[in-house]
Structure formats: C-alpha cells, structure tokens
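In what follows, a single structure is set out as structure tokens and then discussed.
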Amino acid sequence: RRALLLLGISMTLLAFLAIPALGAQWRLSPSAAVLAGVSLNVAGDTLVATAVTREGMSPEVWVIPTDGSGLTRPTGRLTFSPAFSPDGKRLAFLSVRGMLGLRSDRTEVRVMNIDGSGEIAIATTFRNTLMPGERVDLAFCPDGSRIALTDGSTLMIAPLQGEAVTQVDLLKTPLHGGRVVGWTNDGTEVLMLASTWKPAASSTLAAVGVTDGDIRVLHEVASGHIFF
C-alpha cells in the first residue's frame, strides 16, 4: 500500500513538472502566427496585438516595438484583445487562462504593466465563452482608472480598484451590435458606434453615461452606412 501511495505521489509530481514543458510547446512561433488585432500606443513606438494560430487557436498577447527590435509576450497563452492605457505603461486584456496555464471556464478582464509585472484581475466578463474570434473592444478612460468593453450586447465599465462594475444592456437600444470607440474627455461617457444593415441600413454614434446608462445620440443615419 505504501508503494502504491509513493507511486501515486511520484506520478503527480511528474505531471506537474511536465506542465511547464507542455506549455512551452503551446507557445506560438512568430513564423506560424496570425495577428488577429493590432493597436498602437500614443507615443507611436509600440504595437500590441493578439496572435493566434492559422486556425484561430491558442491566443496570446504580443508587444511589438515599431523599431523592429523584437517582440515580447507578457501575458502567456489564452489571452487576447489587448488595449493600452493612456500613458502607454499598462495593458488591459481578456484572459481565459486558468491554473497551470490551462483554459478556465470564465473570461476575466486583467491589467498589467507593459513589462508583464503587476498583473491583476479586475472583473469577470458578461459571458464565459469569449474568444478571439468574437470582437470585444476594450478602452481605458482618459485618466486610466476604468475600462470599458462590449461584445455588442452589453457594455461593461470595470474600475481598476474600489468601485463596483457597471453593466448597460444594449439589446433594445440603437447601439446593439456596436463597438466602443473611446471615451469623452471628462470620463463620464463611453463613445460607441453601431451600424445595422437589416431590415434597413442605419448607423448610430452615441455617448453612453457610465453611471446611469443614458444614451446621448451624437449622429444618426437612417439610410446609409458609417464604415468602421
């Protein structure tokens, strides 16, 4: 019985030791990766992107200097949809990375310094099945204290600390299916743009109040398109 117990412990230890090597095999090779989305920091010297396999799998966040000096991978695998903070020092991104680097059953909004340090989870998203193939827009507010994100059905405002997460249901509004394009300068409203083609073409550009969810239409086209 003792021999069986020792054998079980040994097999468990071997499994834990093998996981880092297995994770390394899952890392994307630059020559085989496809960039699913790219954004530029304010200074114009660094890009951040979601890299995936040709099949759209195994996403990870890459930081790419524009001087061509190489890339870094601060987040590990199963992370995607990165966005720069206004000062360019931090990244917000989505993660389905769980314990031991395996896939989790929930999607988290996470923030870290651009060098990979100081990573924290600030919220769990509106759905647990988000992946890179689905467009999810993230945007920091001007002072960097909150992050807005949407999947087109729900707008979420996630503070980095101290406050409760706010959600606005977009399903029965002209912003259903829209995307986050930024914030107003005072940080009180999130700017969104939505276009629909059926049953009739229309586009709506609006500001959404972060405390009350009120929608203030800035521009609306009833029979045309705003392309984005």
Side-chain angles (χ1 to χ4, degrees), residues 27-54 56 58-95 108-120 122-123 130 132-152 155-161 178-195 203 205-208 210 218-219 226-228:
R27 299 303 294 272
L28 282 171
S29 166
S31 62
V34 177
L35 300 184
V38 178
S39 61
L40 183 67
N41 68 352
V42 174
D45 59 8
T46 307
L47 296 159
V48 66
T50 300
V52 295
T53 65
R54 291 187 176 93
S58 195
E60 57 186 39
V61 173
W62 287 3
V63 176
I64 308 170
T66 56
D67 63 7
S69 58
L71 63 88
T72 58
R73 315 180 200 206
T75 64
R77 62 187 297 271
L78 299 177
T79 55
F80 52 99
S81 297
F84 279 110
S85 62
D87 60 9
K89 296 180 179 180
R90 290 178 294 177
L91 293 175
F93 58 95
L94 299 180
S95 173
E108 293 181 326
V109 184
R110 303 187 73 87
V111 176
M112 65 164 49
N113 297 323
I114 196 168
D115 63 2
S117 65
E119 181 177 345
I120 58 171
I122 64 170
L130 293 173
E134 302 179 71
R135 189 183 68 197
V136 181
D137 304 295
L138 284 76
F140 278 89
C141 70
D143 67 4
S145 65
R146 290 166 293 172
I147 295 167
L149 62 150
T150 185
D151 63 348
L155 173 65
M156 174 184 283
I157 311 297
L160 269 61
Q161 58 184 359
R179 61 174 296 186
V180 172
V181 296
W183 290 70
T184 55
N185 190 54
D186 60 5
T188 62
E189 296 173 300
V190 177
L191 302 173
M192 292 191 64
L193 176 63
S195 293
S203 294
L205 178 65
V208 183
V210 299
L218 304 175
H219 183 76
I226 299 176
F227 293 99
F228 58 97

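For this chain, numbers begin at 1 and follow the sequence in order. Owing to the predicted nature of the structure, the values given are computational and were not obtained by experimental measurement.
- Applying the side-chain contact (heavy atoms from CB on, under 4.5 Å) rule to V34 yields the partners V52, R54; only residues at least two apart in sequence or on another chain are considered.
- Remark: S39 engages no residue in a side chain to side chain donor-acceptor pair (under 3.5 Å) (not counting sequence neighbours).
- Scanning for side chain to side chain donor-acceptor pair (under 3.5 Å) contacts around S31 gives S29, with sequence neighbours left out.
- With sequence neighbours left out, S85 forms a side chain to side chain donor-acceptor pair (under 3.5 Å) with D87.
- The salt bridge (charged side-chain N to carboxylate O under 4.0 Å, His left out) analysis of residues 182-192, with sequence neighbours excluded, yields the pairs E189-R216.
- Listed by chain and number, the residues in a side-chain contact (heavy atoms from CB on, under 4.5 Å) with L71 are P30, W62, I64, R73 (sequence neighbours excluded).
- W183 and L191 make their closest contact through O-CD1, 3.8 Å (heavy atoms, listed as atom of the first residue, atom of the second, distance).
- Partners of I122 under the side-chain contact (heavy atoms from CB on, under 4.5 Å) rule, at least two apart in sequence or in another chain, are V109, V111, I120, I147, A158, L160.
- Looking at residues two or more places apart in sequence or on another chain, you find a side-chain contact (heavy atoms from CB on, under 4.5 Å) between D67 and P65, S69.
- Partners of S145 according to the side chain to side chain donor-acceptor pair (under 3.5 Å) rule, which considers only residues two or more places apart in sequence or in another chain, are D143.
- A 4.5 Å side-chain heavy-atom check between L149 and V180 finds every atom pair outside the cut-off.
- Between the OG1 atom in T150 and the CE atom in M192 there is a gap of 4.0 Å [rounded to 0.5 Å].
- By the salt bridge (charged side-chain N to carboxylate O under 4.0 Å, His left out) test, R90 pairs with no residue at all, sequence neighbours left out.
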